Amino acid sequence: MASHPPFLLQNTLTGKLEPLEPQDSNFLRMYSCGPTVYSYAHIGNFRTFITSDLIVRTARAIGWDVRYVSNITDVGHLTEDDVADAGGEDKMAKALKSKEGEQFANVYDLARYYADALNLDWQILNLLEPDVRPRATEHITQQIEAIEKLIEKGHAYETADAVYFDVGSFKEYGKLSGNREANQLEESVRDIVVDPNKRDSRDFALWKKDDKHLMQWYSPFGRGFPGWHIECSVMSMQYLGEHFDLHGGGEDLIFPHHECEIAQSEGLTGKPFADMWVHTRFLQVEGAKMSKSKGNFFTVRDLTGPESKGGRNINPFAVRLALISGQYRKPYNFTFKTLSDCIQNVERFQAVEKVAEEGLKNGDDAPDTLGDALDSCYERTLHAMLDDLNTPLAISAALEGSKLITKQETLSKASAEKVKAWLDKTNALLGLFKYDNGYNPATATTEDTLSTKVEHLLEARQAARNARDYARADEIRDELDQMGIEVKDTPNGPTWKKKAKI
RNA sequence: GGUGACGUGGCCGAGUGGCUAGGCAGAGGUCUGCAAAACCUCGUACGGCGGUUCGAAUCCGCCCGUCACCUCCA
């Protein structure tokens, strides 16, 4: 592996840009918080997941091995909560009672359904599969064991309603978020749910006793369910060890979730937990926070699905490109204007692939003229990624590379090989135009089939063009356009595609 | 009230004292029946006010504004 600059990332723990230095050199162990599967994941969720994906891709590009763990939370979080004291209704139980939830026999079915949906969306956006995707419900025993140990060590105590983590016993509480003082919390929270038996209002639940709850397990503390922070401590340490390199998630998780994870984990082991914490900022859509009531709330399938299923038929790679067009740690405004630009750019990359294939097949034996320039483009792309995942810069370097290629009239075989290699490397890093996560879109049920009417119109237009009846040909093209079919003429004959609905 | 991020041309953004990044969009042109694609050409911006300096987007101060977290959320 050629030498490269350090892999810099913004560490929330120190507030600084720092080189990522795995404990075992060239072997990165990272954990990324996944979603609670009570509904379809939305594009904001995926902005965060893509950040993790890009870290993995960048690490592999510089020759590191990566063990990448990302969980699925299939135990309900609670809708109304103080810092962590379960006071409200279980989110998944609530989903089950909603209109969409009626189709599910029980909360486990619901969780399974949305977990499967998450996996499919994950694949469609070309995110790499985690090496381990643990589920909270499959790690209940380990969570109970961790709680018992925390009690033993004096970091947790039991009340009539719950087992709480004793924040006062962990001096460094607040080191991630800056929320150190109990009074800060009390001043800000309006309708705080206070268990009179809690020693400190910052204390958070490790186990909630509740034998009425939809999801409940037996434990030494009585029937109930785990608090919502303990699962990530347990699962990350099980698959990555007590002290690992990087932990990521959305910015909202800084507090309380990750703050509590640190307290539990370090309280448990006495060792530092994760060295680097990387948080992705929230996405805005058309300048506003995503919300269903504002009508700017989108799931992956809303954008990429077929029109017949209420989707917009947008190239998934364009969605991916749009989501990484801003750097992960800066606020980013996702707009349909950007998305529509991204469709063009993704298609440009995909067109370059065809050019390369053509060159490999029919290129002449002239010497390569592109390799060096493309190597330099790739290097700029990689260096941009190593500099705190500077995706806008990385993308611009990649687009410049594509321009170098489309400038050529034809490609020699030698050049085509270089182009192919460049495309593969660039795609391995950014994942922007070709599936490399094992997903095969051909096996998916797309509805991109043409009605016989469309077939006939395409033929009729060709006939009109052949007869030089261009007025008629354009008329048919307009008609097809109205039907959502875009026709383009090329030297090799007309091509068509179903337009995205933006 | 506390904590943190951030304000560069239509958009995403490089840039840490002087040498007009880059990409995308847009405009004009070439080409093709037209359209699309492709190619060529075109952009002097840095929230405001002071200060430091020969010189500031870049350093200092104040102000203004945006966003987020502290409450379920990626």
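Naming convention: chains lettered A, B, ... in sequence-line order (proteins, then strands); numbering from 1 in each chain. Hydrogens, waters and symmetry mates play no part in the numbers below; they use all other heavy atoms, side chains included. Just so you know, these numbers come straight off a predicted model, no measurement behind them.
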Compare the minimum distances between each of [options] and the side chain of [X], then state the nucleotide with the smallest one.
X	options	result
A:Glu400	B:C24, B:G22, B:C73	B:G22
A:Thr36	B:C72, B:A74, B:A14	B:A74
A:Trp228	B:C72, B:A74, B:C24	B:C72
A:Leu399	B:C24, B:G13, B:C73	B:C24

Partner residues of [X] under the side-chain hydrogen bond (donor to acceptor under 3.5 Å, both in side chains) criterion, sequence neighbours left out:
X	result
A:Asp481	A:Lys499
A:Asp210	none
A:Glu479	none
A:Arg461	A:Asp489

Separation of [N] [atom2] from [X] [atom1] (nearest whole Å):
X	N	atom1	atom2	answer
A:Ile343	B:A25	CD1	C1'	14 Å
A:Leu339	B:C24	CG	C1'	14 Å
A:Tyr328	B:C67	OH	C1'	17 Å
A:Trp122	B:A74	CH2	P	12 Å
A:Leu253	B:C70	CG	P	10 Å
A:Leu176	B:G2	CG	P	21 Å
A:Met385	B:G23	CE	C1'	15 Å
A:Arg47	B:A68	CZ	C1'	12 Å

With heavy atoms under 4.0 Å as the rule, sort [X] into base, sugar-phosphate or nothing.
X	value
A:Gly44	base
A:His279	nothing
A:Ile395	nothing

Whole-Å [atom1] distance, [N] and [M]:
N	M	atom1	result
B:A21	B:G10	P	16 Å
B:C59	B:A5	P	15 Å
B:G23	B:C34	C1'	30 Å
B:U8	B:C42	P	26 Å
B:G13	B:A25	C1'	14 Å
B:A45	B:C19	P	13 Å
B:G51	B:A56	P	12 Å
B:U53	B:U44	C1'	23 Å

Partner residues of A:Asp469 under the salt bridge (charged side-chain N to carboxylate O under 4.0 Å, His left out) criterion, sequence neighbours left out =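 Residues passing salt bridge (charged side-chain N to carboxylate O under 4.0 Å, His left out) with A:Asp469: none at all.
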Salt bridge (charged side-chain N to carboxylate O under 4.0 Å, His left out) partners for A:Asp121, two or more places apart =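 With neighbours one apart ignored, the set is A:Arg301.
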List in chain and number order the residues that pass side-chain contact (heavy atoms from CB on, under 4.5 Å) with A:Glu475, two or more places apart in sequence or in another chain; answer none if no residue qualifies.
->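 Once residues adjacent in sequence are excluded, the partners of A:Glu475 under the side-chain contact (heavy atoms from CB on, under 4.5 Å) criterion are A:Arg472.
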Can you label the angle between the A:His229 ring and the A:His257 ring as parallel, tilted or perpendicular, going by 30° and 60°?
->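 It falls in the tilted class, 30° to 60°.
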So what's the dot-bracket for RNA chain B: Watson-Crick or G-U pairs under 3.5 Å, [ ] if a pair crosses, | if it pairs off-strand?
-> ((((((((.[[[..)..(...]]].(((((.......)))))....[[[[[..)....]]]]])))))))....
Where protein sits on nucleotides 33-38 of chain B, one letter per nucleotide: B base, S sugar-phosphate only, - none, heavy atoms under 4.0 Å | BBBB-S
Of A:Asp387 and A:Ile324, whose closest RNA chain B nucleotide lies nearer the 5' terminus?
->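 With A:Ile324 and A:Asp387 compared, the 5'-side residue is A:Ile324.
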Inter- and intrachain pairs under side chain to side chain donor-acceptor pair (under 3.5 Å), touching residues 335-345 of chain A, at least two apart |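 Listed by first then second residue: A:Thr335-A:Thr338, A:Lys337-A:Asp341.
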Inter- and intrachain pairs under side chain to side chain donor-acceptor pair (under 3.5 Å), touching residues 5-15 of chain A, at least two apart |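 Those involving residues 5-15 of chain A are A:Asn11-A:Glu18, A:Thr12-A:His279, A:Thr14-A:Glu18.
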Carefully, step by step, assess A:Ser177 and A:His258 under the rule side chain to side chain contact (heavy atoms under 4.5 Å, CB included).
-> CA-CA 9 Å; A:Ser177 64; A:His258 287 162; over 6 Å; no
Begin from the C-alpha positions of A:Thr426 and A:Tyr378 and carry the test side chain to side chain contact (heavy atoms under 4.5 Å, CB included) through to its verdict.
-> CA-CA 7 Å; A:Thr426 300; A:Tyr378 175 74; 3.9 Å; yes
Filtered N/O pairs between nucleotides 4-11 of chain B and protein, under 3.5 Å:
residue, atom, partner, partner atom, Å
B:A5, O2', A:Arg281, NH1, 3.3

Examine A:Phe204 together with A:Phe165 and report whether their ring centres are nearer than 6.0 Å.
->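 Centroid distance A:Phe204-A:Phe165: below 6.0 Å, so yes.
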